[in-house]
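Inspection log for the structure reproduced underneath, given as structure tokens.
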Amino acid sequence: MQNSDILQKLIETKPILRVGGAFDSMSAKLVEINGFDAIWTGSFAISATHALPDASILTMTEFLNVSSNIVESCKIPVIADCDTGFGGPTNVSHTVKKFENVGVSGISIEDKTFPKQNSLLEGGNNQLLSEKDFAAKILAANEAKQNKAFTVIARIEALISGTGIEQALQRAYAYEKAGADLILIHSKKITPEEIFEFSDSWKGSAPLVVIPTTYYSVNVDELIEHKIKMVIYANQTLRAAHFALSKLLKQMKGANNMSGLQNEMSSMNDIFKL
Ligand code: SPV
Ligand code: MG
């Protein structure tokens with residue numbers, strides 16, 4: 001059984017899938033060890049580890065290399081964030097071929113124009129691609145996959161761009177018709193109301209995915225009640241790594257020796273085990 005089949009099986013059988021964000025093989029391995037269902041290789045976290053903004057700067061190949069390394073180190077499925085698909089429908093076909101060939105189980109593409117900016121960036125540009133042009137990308141992705149179980153996630157940015165629920169629903173139906181396996185409905189609100197309004201109105205059959213970064217107090221139970229099938233914790237690992245390193249380095253810089261800092265880091269044995 002390929003990992004794409006395993007991911008499909010999990011989607012069919014579990015009430016909700018918990019997906020942890022990772023940006024390299026070590027963070028991905030930790031996501032796996034801690035019992036998550038799948039790994040999200042997010043453009044925000046991967047860009048940040050290159051000290052770059054999440055603004056379509058890294059190339060498809062650079063993102064592919066990170067996901068490929070993670071697939072090699074982990075047993076659980078990997079879902080790759082492929083931004084806007086790195087171009088038009090032909091680029092999307094090529095992207096699917098490349099990511100599927102290295103063993104990634106699914107990709108997500110979003111309906112913004114290239115170059116995109118991170119959806120949560122204050123004052124960021126969130127211009128939407130036309131529904132028709134994005135549906136063509138989903139069609140291309142669907143046609144390009146070798147294994148039927150390879151998951152194509154259509155990510156809707158209508159709520160992020162302020163276009164509203166009606167537009168989000170209309171796009172979701174169009175993308176499902178074009179072959180999307182899952183619909184990712186993204187929001188930057190600090191409460192989940194608009195996500196729930198969307199999911200309560202959704203009459204399609206594609207399961208729904210959310211990324212509760214800004215509405216972080218939402219409970220998993222509530223997500224299940226509102227028909228959400230997958231929750232992606234996209235960037236918490238990156239932020240924790242940044243936080244821990246920043247804190248430690250500040251303390252190290254002012255210290256005469258490292259005695260007081262041993263509890264601020266994993267032991268050598270922890271790393272040997274990894
Ligand atoms: C990412 O993790 O790269 C995402 C989610 O796409 S967000 O940062 O909320 O846009
Ligand atoms: Mg992203």
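All heavy atoms count here, side chains included; hydrogens, waters and symmetry mates do not. Whatever order the structure lists them in is the order used to number ligands and atoms, beginning at 1.
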With only distance considered, is [X] within less than 3.5 Å of ligand 1 through an N or O on each side?
| X | result |
| --- | --- |
| Glu110 | no |
| Ala45 | no |
| Asn235 | no |

Going by the order shown, which atoms of ligand 1 are within less than 4.0 Å of some heavy atom of [X]?
| X | value |
| --- | --- |
| Ser119 | 10 (O) |
| Ala234 | 2 (O) |
| Leu120 | 9 (O) |
| Asp81 | 1 (C), 3 (O), 4 (C), 6 (O) |
| Gly42 | 2 (O), 3 (O) |

Which protein non-hydrogen atom lies closest to [atom], naming both residue and atom, and how far is it?
| atom | answer |
| --- | --- |
| atom 2 (O) of ligand 1 | Trp40 NE1, 3.1 Å |
| atom 10 (O) of ligand 1 | Arg155 NH2, 2.9 Å |
| atom 8 (O) of ligand 1 | Asn118 ND2, 2.8 Å |

Taking atom types as modelled and ignoring hydrogens, do the side chains of [X] and [Y] form a donor-acceptor contact shorter than 3.5 angstrom?
| X | Y | value |
| --- | --- | --- |
| Ser205 | Glu176 | yes |
| Asn269 | Ser267 | no |
| Thr84 | Glu110 | no |
| Arg155 | Ser119 | yes |

- request: Would you kindly specify which portion of Asp83 sits under 4.0 Å from ligand 1, judged on non-hydrogen atoms: side chain, backbone, both or neither?
  value: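 Neither part.
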
message: Just to be sure I read this right, does ligand 1 sit under 4.0 Å from the backbone of Ile211, its side chain, both, or neither, counting only heavy atoms?
response: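 Near ligand 1, Ile211 shows its side chain, while the N, CA, C and O stay back.
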
Mutual orientation of the aromatic rings belonging to Phe86 and Phe63 [parallel < 30°, tilted 30-60°, perpendicular > 60°]: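 Because their plane-to-plane angle lies in the 30° to 60° range, the rings of Phe86 and Phe63 count as tilted.
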
- prompt: What heavy-atom pair brings Ile160 and Ser187 nearest, and what distance separates the two atoms?
  reply: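 Closest approach of Ile160 to Ser187, heavy atoms only: CD1-C, 3.6 Å.
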
Of all N/O/S atoms in Asp81, the name of the one nearest the Mg ion (ligand 2):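 Looking only at N, O and S atoms of Asp81, the one nearest the Mg ion (ligand 2) is named OD2.
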
message: Other residues, nucleotides and ligands only: do more than 12 of their heavy atoms fall within 6.0 Å of NZ on Lys227?
response: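 Enclosed.
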
query: So, the side chain of Ser199 versus the backbone of His226: is there a donor-acceptor pair under 3.5 Å, distance only?
result: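 Yes; at least one donor-acceptor contact below 3.5 Å.
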
- prompt: Would you say Ser43 has an N, O or S atom lying under 2.8 Å from the Mg ion (ligand 2)?
  reply: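 Checking Ser43: at least one N, O or S atom is under 2.8 Å.
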
query: At a 4.0 Å cut-off, with the gap strictly under it, does some heavy atom of His186 reach an atom of ligand 1?
result: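 It does; at least one heavy atom falls under 4.0 Å.
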
task: For the pair Lys112 and Asp83, find out whether any cationic side-chain nitrogen is under 4.0 Å from an anionic carboxylate oxygen.
output: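 Looking at Asp83 together with Lys112, the answer is no, because their closest N to O distance does not fall below 4.0 Å.
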
Cluster check Ile183, Phe150: I/L/V/M/F/W/Y, side chain < 4.5 angstrom: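 Same cluster.
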
